[in-house]
Novice: 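This is the structure I want to talk about, given as structure tokens.
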Amino acid sequence: MNLAKNRNQDGVLITLTQACQEANLGATTVRRLAEESHAVRKIGKIYRIKKKVFFDYIEKEYAK
């Protein structure tokens, strides 16, 4: 498997693990919120989350 040498935390698409770390939430919760916000992007078998859409959704829905 070829692993990327420069993983950029500031990328538009982030991994599930990166989203969990940034949101301080568990994987199941992040997956559910990502699905609700339509932030999921699947590239082949790779699961990525569109960072801006995901965090904007959390702010909009849960910052009440």
Side-chain angles (χ1 to χ4, degrees):
M1 178 191 306
N2 294 330
L3 296 176
K5 294 184 186 343
N6 331 352
R7 295 210 180 236
N8 185 355
Q9 192 74 356
D10 297 327
V12 174
L13 298 175
I14 58 175
T15 65
L16 179 62
T17 304
Q18 290 171 328
C20 290
Q21 290 172 347
E22 285 195 40
N24 199 26
L25 297 169
T28 304
T29 304
V30 169
R31 278 188 193 269
R32 181 177 51 81
L33 291 172
E35 293 288 339
E36 286 176 12
S37 66
H38 304 289
V40 174
R41 301 295 181 262
K42 290 205 69 175
I43 304 166
K45 294 181 181 180
I46 298 171
Y47 186 93
R48 293 289 185 261
I49 298 169
K50 199 163 186 183
K51 186 176 181 177
K52 181 172 179 7
V53 173
F54 178 70
F55 286 106
D56 285 351
Y57 175 79
I58 291 173
E59 285 298 317
K60 179 182 165 204
E61 292 297 316
Y62 296 97
K64 296 177 182 177

Novice: Is any side-chain heavy atom of K51 closer than 4.5 Å to a side-chain heavy atom of V12?
Specialist: no
Novice: Out of curiosity, E22 CD to T17 OG1, how far, rounded to the nearest 0.5 Å?
Specialist: 11.5 Å
Novice: Between S37 (side chain only) and L33 (backbone N and O only), is there a donor and an acceptor less than 3.5 Å apart?
Specialist: yes
Novice: Restricting to side-chain contact (heavy atoms from CB on, under 4.5 Å), what partner residues turn up for T28, sequence neighbours left out?
Specialist: none
Novice: Mind checking whether V53 and H38 have side chains closer than 4.5 Å, heavy atoms only?
Specialist: no
Novice: At their closest point, which heavy atom of V30 faces which heavy atom of C20, and how far apart are they?
Specialist: CG2-SG, 3.8 Å
Novice: Can you run down the salt bridge (charged side-chain N to carboxylate O under 4.0 Å, His left out) pairs that involve residues 23-38, sequence neighbours left out, and say none if there aren't any?
Specialist: R32-E36
Novice: Mind checking whether R41 and Y47 have side chains closer than 4.5 Å, heavy atoms only?
Specialist: no
Novice: Using side chain to side chain donor-acceptor pair (under 3.5 Å) as the criterion, list what pairs up with K52, not counting sequence neighbours.
Specialist: D56
Novice: Taking atom NZ as the centre, does K42 end up with more than 12 heavy-atom neighbours from other residues, nucleotides or ligands that are less than 6.0 angstrom away?
Specialist: yes
Novice: How close do T15 and R48 get, heavy atom to heavy atom, and via which atoms?
Specialist: CG2-NH1, 3.3 Å
Novice: Write down the atom of A19, the atom of I49, and the distance for their closest heavy-atom approach.
Specialist: CB-CD1, 3.9 Å
